[in-house]
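What follows is a set of notes on a single structure, which appears directly below.
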Amino acid sequence: MTATPYPRLLAPLDLGFVTLPNRVLMGSMHTGLEERGDWERVATYYAERATGGAALIVTGGMAPNIEGAVFPGAAGLHTDEDIANHRFVTDRVHDAGGRIAMQILHAGRYAYGKDCVSASAIKAPIAPFVPRELDEAGIEKQIADFATAAVRAREAGYDGVEVMGSEGYFINQFLCLHTNRRTDRWGGSYENRMRLAVEVVRRVREAVGPDFILIYRISLLDLVPNGQKWEEIVRLARAIEAAGATILNTGIGWHEARIPTIATSVPRRAFTWVTKKLMGAVDIPVITSNRINTPEVAEAVLAEGCADMVSMARPFLADAEFVRKAAEGRADEIAPCIACNQACLDHTFQGKISTCLVNPRAGHETELTYPPAENPKTIAVVGAGPAGLMAALVAAQRGHSVTLYERDDRLGGQLNMARVIPGKEEFHGLVEWFERMVRRAGVEVRLKTEASAEALRDFDEVIVATGVSPRDPQIPGQDGPNVLSYVEVLRGGAPVGARVAIVGAGGIGFDVAEFLTHEGESPTLHLEEWKREWGVTDPEDAPGGLAQPAPPPPARAVTLLQRKAERPGKRLGKTTGWIHRASLAARGVKMLGGVGYVGIGPAGITIATENGEDLVEADTIVLCAGQESQRDLADALANHGKRVHVIGGADVAAELDAKRAIDQGARLAASL
Ligand code: NAP
Ligand code: SF4
């Protein structure tokens with residue numbers, strides 16, 4: 001047997017009273033499942049991840065009381081019935097050989113409720129309610145509620161709890177002058193501000209006894225003004241250790257911080273250097289986190305002494321078997337989390353169940369399954385974009401005989417455009433994973449092959465995933481030599497002038513603007529450059545790790561245009577749209593909404609605004625006006641009387657994204 005390439009990742013971790021089998025923590029993610037009361041589904045979700053090898057799972061945040069709930073009705077352990085429901089989940093995780101800790105999350109001023117409480121009555125910029133400033137009795141109640149929640153967690157069979165002390169939540173709000181203006185023993189000096197955090201840990205430990213895992217999630221980088229100084233953080237870490245914590249987990253950035261911390265444009269393992277600073281300052285194990293999504297990266301982080309253990313949350317949505325595959329020498333089969341947030345965090349903020357763009361089964365384990373096909377069929381899939389690839393993969397894994405036709409000379413479809421955008425490098429890994437997996441599943445791949453209706457006649461099932469083509473905006477003058485489609489820019493490498501006007505400010509208009517304002521290698525691949533661009537520094541040099549952002553000069557002068565009178569980029573992802581807008585603003589991109597297109601000439605594009613006509617001077621005009629379904633083949637097959645399944649952009653082009661395409665492909669293939 002060959003030695004594993006991940007010896008540190010797969011090494012056990014002795015916590016004194018319990019030994020974890022490896023160094024992988026499945027970090028906390030809100031799923032939205034608990035609130036729906038379908039406990040079978042909650043249990044299956046976690047049990048699959050325990051089977052997949054996570055050493056310790058941390059649940060989504062559970063409120064210790066009503067005032068601390070992230071939103072009204074958020075799950076918590078308030079009643080005996082709650083305890084019984086959670087017991088059902090912990091039993092299933094234990095049966096699967098895993099361990100699970102419950103996160104206690106008090107949202108403080110981030111709570112979406114008028115009864116929210118905090119250190120001081122200062123409203124958060126991302127929440128609608130001014131919190132009530134707690135008095136002494138109120139603070140004591142919150143601490144007692146933390147301890148009670150931990151005791152209930154123990155009764156419910158959990159192996160431990162994680163006290164959420166970072167990300168700008170309740171405890172973090174006491175720690176920082178940004179939100180704590182108190183003058184009593186809970187405010188002012190750092191000793192006073194850290195009293196709540198230490199007291200919560202002390203009282204939780206006292207309440208649960210010694211042999212119960214107590215993780216404290218410590219904010220190592222607040223990334224807000226008046227954040228904690230490094231010496232304060234070290235002092236807190238030591239006090240938390242003395243108060244009885246078993247493990248320290250890393251938290252990075254408050255939710256209101258204007259610096260991305262987990263988005264796909266954040267470099268991989270962007271913050272492990274901060275955790276490394278804490279190594280040696282305490283004797284308990286330290287966990288690092290954020291943008292670690294492969295076993296290679298995790299192993300390197302441990303090898304470099306940045307942490308004792310690694311936390312990954314979203315990668316366990318993308319692939320429940322992350323650890324098992326790494327241990328079995330199948331790391332290249334791990335479905336990669338591309339850090340897009342599209343199906344996980346964006347769903348959370350929309351009140352939907354968290355799932356995963358690359359793994360539509362996540363959160364849907366009881367309902368979407370891929371059992372072996374009872375009657376294996378011959379299936380043709382036409383089009384190897386995300387919809388076609390997923391349909392081909394799932395169908396082949398179920399035992400069907402699948403032939404995949406692709407007109408292009410490579411697989412990936414629209415994903416091949418996403419992968420060239422600076423900040424979207426993770427898409428490379430996704431396309432490569434699909435390539436590997438469809439071939440391993442036995443799919444017969446026919447590249448550079450246009451499938452005719454005639455050639456498809458004899459297949460039992462035909463899946464049409466022929467995708468989209470760019471919409472023709474029919475602007476007078478668009479046939480000029482200075483006009484390009486986004487496809488010519490992103491795929492064809494067409495030369496683009498120094499001044500650019502982009503028609504259409506959807507996801508692709510934004511992507512093209514990002515592409516055209518960058519020069520050289522993407523900052524996502526250069527941590528120090530990325531930190532400079534966003535203003536991240538060592539918390540030893542500046543409180544909270546906040547520096548003046550210094551974005552590089554833009555490679556081109558870009559104007560982004562749209563007809564809708566709303567703010568351009570408003571419809572981008574809930575948790576990532578602000579990053580795209582901020583990134584382009586930092587690169588001087590002008591964004592104009594509410595315009596009409598009068599015509600294009602050699603000097604640029606003339607637009608109509610409420611003040612009359614105006615020329616946007618540009619050397620190149622790039623058309624990003626959305627897309628239309630490519631249905632020629634589907635129509636031809638229908639004319640031949642052949643029943644076909646149409647999925648992805650070929651089905652509905654509007655607001656198409658890879659999430660919908662992959663989900664549709666998976667569900668169709670699961671049903672055949
Ligand atoms: P889109 O998001 O639908 O945007 C199309 C843009 O074209 C809109 O700004 C629209 O604004 C404009 N438009 C529509 N019809 C037009 C016409 N006849 N003449 C001129 N302008 C017109 O489509 P997309 O940008 O092509 O992106 C396709 C999909 O890919 C998106 O829905 C998105 O989900 C996905 N995607 C997502 C991301 C991401 O960051 N998450 C990135 C890239 C792509 P007006 O009608 O107001 O002018
Ligand atoms: Fe990762 Fe995107 Fe899946 Fe979320 S939806 S887990 S970010 S791949």
Side-chain angles (χ1 to χ4, degrees), residues 27 29 31 262-266 291 293 312-320 322 335-348 354-363 385-386 414-415 417-419 421 423-424 426-427 429-430 433 467-475 478 485-487 490 502-515 560-577 579-581 583 591-597 605 607 621-628 648-649 652-663:
M29 280 287 290
T31 63
I262 58 167
T264 193
S265 58
V266 175
R291 287 293 281 117
N293 63 346
M312 286 176 268
R314 296 172 298 171
F316 278 99
L317 287 181
D319 200 327
F322 186 102
C337 165
I338 56 171
C340 63
N341 286 357
Q342 278 174 250
C344 51
L345 289 183
D346 283 351
H347 275 205
T348 300
S354 291
T355 177
C356 175
L357 178 139
V358 305
N359 175 22
R361 284 197 69 240
Q414 300 274 309
L415 296 176
M417 272 186 274
R419 66 200 259 177
I421 309 299
K424 293 203 165 174
E426 293 289 356
F427 279 87
L430 180 57
W433 177 80
V468 290
S469 47
R471 177 183 288 129
D472 177 359
Q474 302 187 341
I475 302 170
Q478 68 177 29
S485 84
Y486 67 87
V487 182
L490 298 178
I502 297 177
V503 171
I508 291 184
F510 265 72
D511 274 0
V512 167
E514 197 76 47
F515 181 78
L560 197 52
L561 303 167
Q562 90 179 7
R563 298 173 305 175
K564 282 187 282 297
E566 67 191 28
R567 183 180 49 155
K570 190 173 169 224
R571 294 162 198 239
L572 296 175
K574 181 90 183 150
T575 62
T576 51
I579 302 170
H580 296 301
R581 287 191 295 272
S583 170
M591 302 184 201
L592 300 177
V595 307
Y597 302 118
I605 179 165
I607 55 170
I621 291 93
V622 184
L623 304 179
C624 306
Q627 296 146 346
E628 274 156 10
V652 183
E655 310 261 305
L656 171 76
D657 62 25
K659 178 184 79 174
R660 179 153 61 79
I662 289 173
D663 184 75

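Just follow the structure's listing: the first ligand is 1, and inside any ligand the first atom is 1. For this chain, numbers begin at 1 and follow the sequence in order.
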Tell me which donor-acceptor pairs under 3.5 Å the side chains of residues 563-570 have, and how far apart each pair is, sequence neighbours excluded?
| unit_1 | atom_1 | unit_2 | atom_2 | d |
| --- | --- | --- | --- | --- |
| Glu566 | OE1 | Arg571 | NH2 | 3.0 |
| Glu566 | OE2 | Arg571 | NE | 2.6 |
| Glu566 | OE2 | Arg571 | NH2 | 3.4 |

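- Each of Thr264, Leu345, Asn341 was compared with Thr576 under the side chain to side chain contact (heavy atoms under 4.5 Å, CB included) criterion, and only Asn341 meets it.
- Residue contacts with ligand 1: Ile508 is placed with a nitrogen or oxygen under 3.5 Å of a nitrogen or oxygen of the ligand (distance criterion only).
- The side-chain hydrogen bond (donor to acceptor under 3.5 Å, both in side chains) search around Asp319 returns Lys325, not counting sequence neighbours.
- For the pair Gly506 and ligand 1, the shortest N or O to N or O distance falls below 3.5 Å.
- Among the atoms of Asp472, none of the N or O lies under 3.5 angstrom from an N or O of ligand 1.
- Checking side-chain atoms of Asp346 against main-chain N and O of Gly573 turns up no donor-acceptor pair under 3.5 Å.
- Those atoms of ligand 1 that come under 4.0 Å of a heavy atom in Lys424, given as number and element, are 38 (C), 39 (C), 40 (O), 42 (C).
- Around atom 10 (C) of ligand 1, the closest heavy atom drawn from Lys564, Gln342, Gln627, Gln474 belongs to Lys564.
- Checked by distance only, ligand 1 and Tyr597 stay at 3.5 Å or farther apart across all their nitrogen or oxygen atoms.
- A perpendicular orientation is assigned to the rings of His580 and Phe510, their planes being inclined by more than 60° (bins at 30° and 60°).
- Sorted by first and then second residue, the pairs that involve residues 502-511 and meet salt bridge (charged side-chain N to carboxylate O under 4.0 Å, His left out), not counting sequence neighbours, are Lys424-Asp511.
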I'd like to know whether Gln478 forms a side chain to side chain contact (heavy atoms under 4.5 Å, CB included) with Asp472, so could you lay out the CA-CA distance, the side-chain angles of the two residues, the decisive distance to 0.1 Å, and finally the verdict.
CA-CA 9 Å; Gln478 68 177 29; Asp472 177 359; 2.6 Å; yes

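- Heavy atoms of Cys624 come nearer than 4.0 angstrom to ligand 1 in at least one pair.
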Between Leu357 and Ile662, does a side chain to side chain contact (heavy atoms under 4.5 Å, CB included) hold up when you go through it step by step?
CA-CA 7 Å; Leu357 178 139; Ile662 289 173; 4.0 Å; yes

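- Contacts between His580 and ligand 1 below 4.0 angstrom, taking non-hydrogen atoms only, involve the side chain exclusively.
- Note: an N/O pair closer than 3.5 Å links Ala505 and ligand 1 by distance alone.
- For ligand 1, the atoms lying closer than 4.0 Å to a non-hydrogen atom of Asp511 are 42 (C), 43 (C).
- In terms of heavy atoms, Gly648 sits closest to Arg660 at O-NH1, 4.5 Å.
- Near Arg471, the atoms of ligand 1 lying under 4.0 angstrom from a non-hydrogen atom of the residue are 14 (C), 15 (N), 18 (N).
- Of all the heavy atoms in Lys659 and His347, the pair that sits closest is NZ-NE2, 2.9 Å.
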Just do the side chain to side chain contact (heavy atoms under 4.5 Å, CB included) check on Val512 and Leu560 with the steps written out, would you?
CA-CA 10 Å; Val512 167; Leu560 197 52; over 6 Å; no

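- Using modelled atom types, no side-chain atom of Ser485 and backbone atom of Leu623 make a donor-acceptor pair closer than 3.5 Å.
- Taking distance alone, with nitrogen or oxygen atoms compared against 3.5 Å, Pro473 stays at or beyond that limit from ligand 1.
- Counting only distances under 2.8 Å, and ignoring water, the protein N, O or S atoms around atom 2 (Fe) of ligand 2 are Cys340 SG.
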